[in-house]
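These notes are about the structure you will find just below.
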Amino acid sequence: MDFNLTEEQQMLRTMARTFLTAECPKKLVRLMVEDKRGYPAELWKQMAELSWMGLAIPEEYGGTGGSLLDLAILVDEMGRACLPGPFFSTVVLAGLSILEAGSDEQKREFLPRLVRGELLLTLASTELSGKYAADAIQTTAVPNNKNGFIIRGTKLFVPDAHVADYIICVARTKDTEKTEDGITVFLVDSKDPNVKCTMLKTIAGDKQCEVVFDNVEVPKSSILGEINKGWYCVQTAIEKSTAVKCAEMIGGARQVLEMTVAYAKDRIQFDHPIGSFQVIQHALADMFTDIESCSLIVYETIWRLANGLPASQEVSMAKALTSEAFKKAA
């Protein structure tokens, strides 16, 4: 594994940091916490013009054909800026799922619109138990007399569902002894009158929703992947999105460290900057060590996923270590 960024990746990082520093100040982030949509439409349009939505989408669908690693580098910078909005839910959670499991027709229908910034998407998997596991899927989809399905159930903590045009819903279509079997993934139009979305109150002010599917009728063509074999798609989406979310946390943690170092240099106590005191230096050194250690495992994980290598263990390690390191730093 080569730990050095390519010239193009370094340019991507520099460009992203310059743009987000100018267009996404912390004042905007605070405003978007109170905003119902949660993101400014003009900023979303600018990001689309920079081809960020299509970074990891193949050129045949209007994207730039970058890798998962390229996407993680961009999201790392978004974490540093606390970028508000549905980029993660649309591009990472849903976009990569369609790219992974969608039919040619579905890819041609959804991916070009996603790349142009015209389509917002999200993934609805989590339910009452809060687990990312097959046995937690209680939402059902049963066949109707129109060669389609009727979806019934409630999803929780669905990111950005209040603005999404389509929701990728994970439902159980068959009861089996092996819980991973019998799960199917559906692309559901969020404007269906039987899809009811309610905003949840969150500590961080991020936009998470409860989504109720109240006898929602969907055609067979809405199935993403194969019927009763959708758990592989979900598992892949969760692993990739978890690794990319860890990159976002790394970016946020590095920003916290930079802010803390700057404060330690400026804050005067007993006629000295507090950064000259050994106990403060040790705290900063611990923060730096934690963040850099997490960065190594996170980017190794992403590299493995990008190259099609098994990475379930690495994803779990990255998630556990980075969550704690970011919280500790903050």
Side-chain angles (χ1 to χ4, degrees), residues 36-39 41 44-45 48 53-54 57 61-62 85-127 137-173 183-200 207-231 233-234 237 241:
K36 288 184 178 180
R37 287 177 60 86
Y39 73 100
W44 185 260
K45 181 181 176 182
M53 281 62 159
I57 304 298
Y61 303 114
F87 183 91
F88 186 83
S89 55
T90 295
V91 176
V92 183
L93 280 173
L96 295 183
S97 297
I98 295 173
L99 190 60
E100 175 74 30
S103 65
D104 290 341
E105 184 178 348
Q106 288 168 334
K107 291 176 183 178
R108 287 194 298 270
E109 179 183 356
F110 290 99
L111 294 181
R113 294 162 63 196
L114 182 155
V115 169
R116 294 193 297 267
E118 300 170 357
L119 193 67
L120 303 181
L121 305 162
T122 192
L123 173 68
S125 176
T126 316
E127 300 191 12
I137 305 299
Q138 301 298 316
T139 295
T140 61
V142 297
N144 62 11
N145 56 8
K146 301 177 184 177
N147 198 30
F149 291 83
I150 298 175
I151 302 176
R152 303 185 184 97
T154 300
K155 298 292 185 178
L156 293 174
F157 317 117
V158 184
D160 306 306
H162 66 301
V163 294
D165 298 298
Y166 284 85
I167 299 171
I168 297 178
C169 177
V170 184
R172 185 165 295 283
T173 44
I183 288 177
T184 305
V185 182
F186 297 88
L187 279 159
V188 181
D189 188 339
S190 64
K191 295 182 289 296
D192 187 298
N194 292 330
V195 176
K196 298 176 176 62
C197 181
T198 304
M199 292 285 292
L200 299 173
K207 310 305 180 187
Q208 297 190 41
C209 306
E210 174 193 76
V211 181
V212 177
F213 297 89
D214 184 15
N215 294 316
V216 179
E217 293 192 32
V218 293
K220 193 173 183 180
S221 60
S222 69
I223 293 175
L224 191 65
E226 296 183 60
I227 190 168
N228 296 326
K229 296 181 180 179
W231 185 247
C233 170
V234 178
S241 60

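Nothing fancy with the numbering, it's 1 onward along the sequence.
- Judged purely by atom type and a 3.5 angstrom limit, Glu127 uses its side chain to pair as donor or acceptor with the backbone of Gln138.
- Here the side chains of Leu224 and Phe186 are not in contact, with every heavy-atom distance at 4.5 Å or above.
- Using a 4.5 Å heavy-atom threshold, the side chains of Pro159 and Phe88 count as separate.
- Here the shortest heavy-atom pairing between Pro112 and Lys107 reads CD-O, 3.2 Å.
- Distance SG/Cys209 to CG/Leu156: 10.5 Å, rounded to 0.5 Å.
- Between Gly117 and Trp44, the closest heavy-atom pair is O-NE1, 3.2 Å.
- Taken from CD in Gln106 to OG in Ser97, the straight-line distance is 11.5 Å, to the nearest 0.5 Å.
- Proximity of Phe149 to Asn144: side-chain heavy atoms (C-beta onward) are nowhere separated by under 4.5 Å.
- Closest heavy-atom contact between Thr122 and Ala94: N-CB, 3.9 Å.
- No donor-acceptor pair under 3.5 Å is formed between the side chain of Thr90 and the backbone N or O of Phe87.
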Would you mind writing out the side-chain donor-acceptor pairs for residues 164-173 within the sub-3.5 Å range, not counting sequence neighbours?
unit_1, atom_1, unit_2, atom_2, d
Asp165, OD2, Leu120, N, 2.8
Arg172, NE, Ile137, O, 3.3
Arg172, NH1, Thr179, O, 3.4
Arg172, NH1, Asp181, O, 3.2
Arg172, NH2, Ala134, O, 2.9
Arg172, NH2, Thr179, O, 3.1
Thr173, OG1, Gly182, O, 3.2
Thr173, OG1, Thr184, OG1, 2.6
Thr173, OG1, Asn228, OD1, 2.5

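- Taking all atoms of both residues into account, the shortest heavy-atom contact from His162 to Arg37 is NE2-O, 3.0 Å.
- Not a single salt bridge (charged side-chain N to carboxylate O under 4.0 Å, His left out) links Lys45 to another residue, sequence neighbours left out.
- In terms of heavy-atom proximity, Ser125 sits nearest to Val234 at OG-CG1, 4.1 Å.
- Here OG of Ser89 is found 13.0 Å from NZ of Lys207. Values are rounded to the nearest 0.5 Å.
- Summarising the local packing, NZ of Lys229 is surrounded by 12 or fewer heavy atoms from other residues, nucleotides or ligands at distances under 6.0 Å.
- The local environment of NZ in Lys36 is sparse, with at most 12 non-hydrogen atoms from other residues, nucleotides or ligands closer than 6.0 Å.
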inquiry  = Run the salt bridge (charged side-chain N to carboxylate O under 4.0 Å, His left out) test on Glu210 and Lys155 for me, step by step, so that the C-alpha distance in whole Å, both residues' side-chain angles and the decisive distance to 0.1 Å come before the verdict.
reply    = CA-CA 6 Å; Glu210 174 193 76; Lys155 298 292 185 178; over 6 Å; no
request  = Could you check Ile151 against Thr140 for side-chain contact (heavy atoms from CB on, under 4.5 Å), going step by step and ending with a plain yes or no?
outcome  = CA-CA 6 Å; Ile151 302 176; Thr140 61; over 6 Å; no
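- The CG atom of Leu96 lies 11.0 Å from the CG atom of Leu121; values are rounded to the nearest 0.5 Å.
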message = With side-chain contact (heavy atoms from CB on, under 4.5 Å) as the criterion, how do Lys146 and Glu217 come out once you've worked through the C-alpha distance, each side chain's angles and the decisive distance to 0.1 Å?
response = CA-CA 9 Å; Lys146 301 177 184 177; Glu217 293 192 32; 3.3 Å; yes
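- One finds the CD atom of Glu105 at 7.0 Å from the OG atom of Ser221 (value rounded to the nearest 0.5 Å).
- With contacts defined as side-chain heavy-atom distances shorter than 4.5 Å, the pair Ile98/Leu114 does not qualify.
- Once rounded to the nearest 0.5 Å, the distance linking CZ of Phe213 with CG of Asn194 reads 11.0 Å.
- The shortest side-chain heavy-atom distance between Val195 and Val212 does not fall under the 4.5 Å cut-off.
- Residues Thr126 and Phe157 come closest through the heavy atom pair CG2-CD1, 4.0 Å.
- At a threshold of 4.5 Å between non-hydrogen side-chain atoms, the residues Tyr61 and Arg108 count as touching.
- Side-chain atoms of Ser222 do not come within 3.5 Å of backbone N or O of Val218 as any donor-acceptor pair.
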Thr154 vs Thr139, side-chain contact (heavy atoms from CB on, under 4.5 Å): CA-CA, chis, key distance, verdict = CA-CA 7 Å; Thr154 300; Thr139 295; 5.8 Å; no
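- Side-chain contact between Ile223 and Val185 is absent, with no heavy-atom pair separated by less than 4.5 Å.
- Residues Val211 and Lys196 fail the side-chain proximity criterion, which asks for heavy atoms closer than 4.5 Å.
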